Enquirer: 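The structure under discussion is supplied below as structure tokens; questions concerning it will follow.
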Amino acid sequence: MPSLAILGSRPAPDAGPDSGWSSRIRTRLSNPTVFLFVILTAQLMVVLDTTIVNVALPHIQEGLHLSGSDLSWVLNAYLLTFGGLLLLGARSGDLLGRRRTFLVGIAIFSLSSLFGGLAVSGWMLLSARALQGVGAALAAPSSLALLTTVFSDGPQRIRAIGLFTTVSAAGGAIGLVAGGALTQLVSWRWVMFVNVPIGLAVWALGRTALQETERRHGHFDIAGALTSTLGMAGIVFGLVEAGAAGWSSPLCAGALATGVLLLGAFFRIESRAEEPIVPLRLFASGTRTASNVARGLTYAGMYGMFFFVGQFLQDVLGYAPLRTGLCFLPMPIGVFVSSQLVSKVLVGRVRPKALIMSGIGMTIVALLLASQLHAAASLPEILVVIILMGLGSGTAMVPLTSAGLAGVEPADAGAASGLVNVTQQVGAALGLAVLVTVLGVAAGHAQLRAGGAATATVIHGLDLTLAVGALFGLAALAMVALLVHLPSAATNRVSVPGEREREHAALALAVGEDFEWADPEMVA
């Protein structure tokens, strides 16, 4: 880790001679080094949990006797509550105080992790994963905002945010390897239990190291947050149920209809809310809307590959969990390297639209190659797929993030950056639900299953499923080609009167100066 000499001083609580040992401990803990440790560890825990369960999925399926469609909810329960409540979590930090919101989120995340590790049935684990998403939605938005309130403008803030970004990028890789190691050496339950001691340490240190921020006056848009989250959950449930029981299932039709009605209610609520979590004017820009949808479609294919290839490596090729995790390691590394290359070198020299289309194109090729995997697939074939997916995602996401904030007014920058994150999470959940349904239909409702022999029908169904994932990428490519209009690299270097200042202000807000959340690409 880079030297902590970057940290500036922060006033510590007054500890008089009679204050006792407890006050002296508080004084030692109330310093920027401990503060930064708390924030970075919390961010690592939240990011790590998006990948740590992937390698453990076959063992979770075997241990809790889950079907293939049920197994998808181990990912989707977290993605939907995290993405759906993210903007409400950011608003909570504004109105209730960021320290309080952060600590409540960490507490919920830690307790739900304990509950998930102790799960003896599918519903217990899925409930725990949903609660983890709630905790992450409360804690994550406040962490970066707290960082920017402590470190002043200039080199200190830039370096602190650089550490935050490094942890965010490394978290995915650590999660893959840690998930494989814990599953192989101990049990799949430890991919949940591992969060408990980390969360307790963050919570205990955070009570002293973090200082409360000034609260603002305003209103919660709880109705908007709940209708959007439950609406998306209804649609995802309906799609998954269709794969398991068919489209004629009353439960499938009822869930889809309920989801659509709730989403309709959400848009009606947002059009009338005094302080909506998603101002509908953000959808007025075709470039922003198309960029966000393209982002969601790209993540739909990427998460589908994570979900199915992880099971393929273990259930078909017989890889051990640790070896599986190591196979995936090039992907987050590729994302980090390519995103850094784009943000620091290429963004001023290559048209942003060309970068987006090149990146999405690489993810399409990766999914098409994955659709050709078979029971005798070699390690180099698998690594080519994983590396291409990582490089393509990293290349596309940086300019897609900028496109998702293009032309946004500073007053809407926080909501716009939150919307970028929401479409990413929701796109992944919806895409995975569709792909699970496709596999169920293509394989005659047979599933990849831990400890079972994968039939030729299942492998053919898996190939077809990953080919459909490539269609998501093609749809994203078409949206970018037709609907995204961005200035060329040369135009970007010319300052249009007032435009450069407005974009700078919007991006500053988006990375947490006055709003609470941005994903790693925004601060790369």
Side-chain angles (χ1 to χ4, degrees), residues 1 40-66 68 70-75 77-78 109-122 124-126 128-129 132 135-136 167-202 303 305-333 336 377-379 382-383 386 390 448-454:
M1 180 177 288
L40 295 183
T41 305
Q43 176 67 4
L44 176 64
M45 186 168 62
V46 171
V47 173
L48 181 145
D49 228 64
T50 62
T51 59
I52 196 170
V53 300
N54 278 279
V55 178
L57 287 174
H59 297 265
I60 293 172
Q61 182 180 29
E62 186 176 22
L64 298 180
H65 309 292
L66 299 176
D70 291 339
L71 193 64
S72 67
W73 282 100
V74 177
L75 295 181
Y78 182 78
F109 193 95
S110 303
L111 290 174
S112 59
S113 297
L114 177 63
F115 182 63
L118 296 173
V120 295
S121 63
M124 288 180 66
L125 178 62
L126 300 184
R129 288 289 287 168
Q132 279 185 317
V167 166
S168 299
I174 294 170
L176 290 168
V177 177
L182 290 170
T183 302
Q184 183 170 328
L185 299 177
V186 192
S187 164
W188 67 262
R189 296 181 182 278
W190 276 91
V191 303
M192 303 293 289
F193 284 146
V194 71
N195 293 316
V196 178
I198 298 173
L200 287 175
V202 168
Y303 266 76
M305 196 207 76
F306 258 118
F307 182 77
F308 290 111
V309 173
Q311 294 176 74
F312 174 85
L313 293 176
Q314 296 178 77
D315 297 345
V316 178
L317 300 187
Y319 283 20
L322 180 56
R323 187 182 183 187
T324 300
L326 291 173
C327 284
F328 275 114
L329 192 56
M331 184 171 176
I333 294 174
F336 179 73
S378 65
L379 182 59
I382 295 161
L383 290 179
I386 291 171
L448 284 166
R449 182 170 290 277

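Just so it is clear, the structure is predicted and the values come from calculations on it, not from any experiment. Index from 1, following the sequence. Side chains are part of it too, since the values below use all heavy atoms of this structure and drop only hydrogens, waters and symmetry mates.
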Enquirer: Partners of Ile333 by side-chain contact (heavy atoms from CB on, under 4.5 Å), sequence neighbours excluded?
Expert: Leu329, Val337

Enquirer: Of all residues at least two apart in sequence or in a different chain, which pass the side-chain hydrogen bond (donor to acceptor under 3.5 Å, both in side chains) check with Asn54?
Expert: none

Enquirer: Sequence neighbours left out, what passes ring pair (Phe, Tyr, Trp, His ring centres under 6.0 Å) with Tyr303? Give chain and number order.
Expert: none

Enquirer: Under 3.5 Å, which donor-acceptor pairs do the side chains of residues 111-120 form with other protein atoms, sequence neighbours left out?
Expert:
from, atom 1, to, atom 2, distance (Å)
Ser112, OG, Ile108, O, 2.8
Ser112, OG, Phe109, O, 2.9
Ser112, OG, Gln132, N, 3.4
Ser113, OG, Phe109, O, 2.8
Ser113, OG, Gln132, NE2, 2.8
Ser113, OG, Asn195, ND2, 3.3

Enquirer: Out of Gln184, Gln311, Gln314, which one pairs with Thr324 under the side chain to side chain contact (heavy atoms under 4.5 Å, CB included) rule?
Expert: Gln314

Enquirer: Scan residues 43-61 for pairs that pass salt bridge (charged side-chain N to carboxylate O under 4.0 Å, His left out), counting only residues two or more places apart or in two chains.
Expert: Asp49-Arg129

Enquirer: How far apart are the closest heavy atoms of Ala56 and Thr183, and which atoms are they?
Expert: CB-OG1, 3.3 Å

Enquirer: Could I get the full list of ring pair (Phe, Tyr, Trp, His ring centres under 6.0 Å) partners for Phe307, not counting sequence neighbours?
Expert: none

Enquirer: Which pairs, with at least one residue in residues 316-333 and sequence neighbours excluded, count as a salt bridge (charged side-chain N to carboxylate O under 4.0 Å, His left out)?
Expert: none

Enquirer: Considering residues at least two apart in sequence or located in another chain, which fulfil the side-chain contact (heavy atoms from CB on, under 4.5 Å) criterion with Thr41?
Expert: Phe37, Ile198, Val202

Enquirer: How would you list, by chain and number, every residue that makes a side-chain hydrogen bond (donor to acceptor under 3.5 Å, both in side chains) with Ser187, sequence neighbours excluded?
Expert: none

Enquirer: Closest heavy-atom contact between Gly63 and Trp188?
Expert: CA-NE1, 4.4 Å

